[in-house]
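Please read the structure below before turning to the comments.
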Amino acid sequence: MTLTSEQKQLMKDDICVELAGYLMDDYHCSREEAIDMLYTSDTFERLQDDATGLYYQSPGYVYSFLENELKKATVA
């Protein structure tokens with residue numbers, strides 16, 4: 001079964017909601033700050049790229065990439 005672009009976008013949106021929630025919990029930030037952190041990340045770009053298939057993965061799995069990215073950014 002092939003997903004439509006609308007179905008893929010819904011999956012991506014659902015993951016983004018979860019990711020923003022994780023960021024708010026882990027970084028004690030506002031919703032706006034969490035969304036900004038997410039939308040400016042490389043992880044978000046990869047999630048939006050259908051070729052990566054990240055939208056098929058669990059939010060926790062995708063969050064592990066985002067966490068690593070954010071940790072590297074604070075070290076640099």
Side-chain angles (χ1 to χ4, degrees):
M1 177 177 107
T2 303
L3 296 174
T4 67
S5 59
E6 291 82 12
Q7 289 170 319
K8 290 177 186 177
Q9 190 58 51
L10 282 173
M11 292 171 76
K12 294 172 189 177
D13 292 346
D14 287 345
I15 291 174
C16 287
V17 168
E18 293 289 330
L19 295 178
Y22 293 156
L23 289 170
M24 289 167 50
D25 290 344
D26 291 350
Y27 290 86
H28 308 289
C29 60
S30 70
R31 180 173 316 180
E32 291 78 15
E33 290 169 323
I35 290 170
D36 186 56
M37 290 168 68
L38 175 59
Y39 284 8
T40 58
S41 70
D42 289 336
T43 302
F44 178 76
E45 290 298 319
R46 289 196 304 271
L47 177 61
Q48 297 306 308
D49 181 359
D50 288 354
T52 67
L54 273 181
Y55 61 92
Y56 268 119
Q57 304 301 321
S58 72
Y61 180 76
V62 178
Y63 187 63
S64 69
F65 287 100
L66 182 57
E67 268 189 310
N68 286 333
E69 179 183 344
L70 293 173
K71 286 177 184 174
K72 287 179 185 174
T74 58
V75 173

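All values below were derived from every heavy atom in this structure, side-chain atoms included, with hydrogens, water molecules and symmetry-related copies excluded. One is the number of the first residue; the rest follow in order along the sequence.
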Heavy-atom side-chain proximity of Leu70 to Ser41 below 4.5 angstrom
no

Atom pair CD (Glu67) and CG (Leu23), whose distance is rounded to the nearest 0.5 Å
8.5 Å

Tyr27: ring-ring contact (aromatic ring centres under 6.0 Å, His included) partners, not counting sequence neighbours
none

Partners of Asp50 by side-chain hydrogen bond (donor to acceptor under 3.5 Å, both in side chains), sequence neighbours excluded?
Lys12

Under the side chain to side chain contact (heavy atoms under 4.5 Å, CB included) rule, collect the residues that match up with Asp49, sequence neighbours excluded.
Ala51, Thr52

In short, Thr2 meets Gln7 closest at the heavy-atom pair O-OE1, 4.3 Å

What's the separation between atom CG in Leu47 and atom CG in Leu66, rounded to the nearest 0.5 Å?
10.0 Å

Those residues that, when tested against Leu10, pass side chain to side chain contact (heavy atoms under 4.5 Å, CB included) (two or more places apart)
none

Hydrophobic cluster identity match, Val17 and Leu38, side-chain contacts under 4.5 Å:
no

Closest heavy-atom pair and its distance - Met37, Cys29:
SD-SG, 4.1 Å

Do Leu54 and Leu3 sit in the same hydrophobic cluster, where Ile, Leu, Val, Met, Phe, Trp and Tyr count as joined when their side-chain heavy atoms come under 4.5 Å apart?
yes

Run the side-chain hydrogen bond (donor to acceptor under 3.5 Å, both in side chains) test against Asp36 and tell me which residues pass, sequence neighbours left out.
none

Of all residues at least two apart in sequence or in a different chain, which pass the ring-ring contact (aromatic ring centres under 6.0 Å, His included) check with Tyr61?
Phe65

If you look at every heavy atom in Ala34 and Met24, which pair is closest and at what distance?
CB-CG, 3.6 Å

Residues passing the side-chain hydrogen bond (donor to acceptor under 3.5 Å, both in side chains) test with Glu69, sequence neighbours excluded, are Thr43

side-chain hydrogen bond (donor to acceptor under 3.5 Å, both in side chains) partners for Gln48, two or more places apart
none

Which pairs pass side chain to side chain donor-acceptor pair (under 3.5 Å) with one or both residues in residues 15-26, sequence neighbours excluded?
Asp26-Tyr63

Looking only at heavy atoms, which two atoms of Ala20 and Ile35 are closest? And how far apart?
CB-CG1, 4.5 Å

Could you check whether any side-chain heavy atom of Val62 comes within less than 4.5 Å of a side-chain heavy atom of Pro59, counting everything from C-beta outward?
no

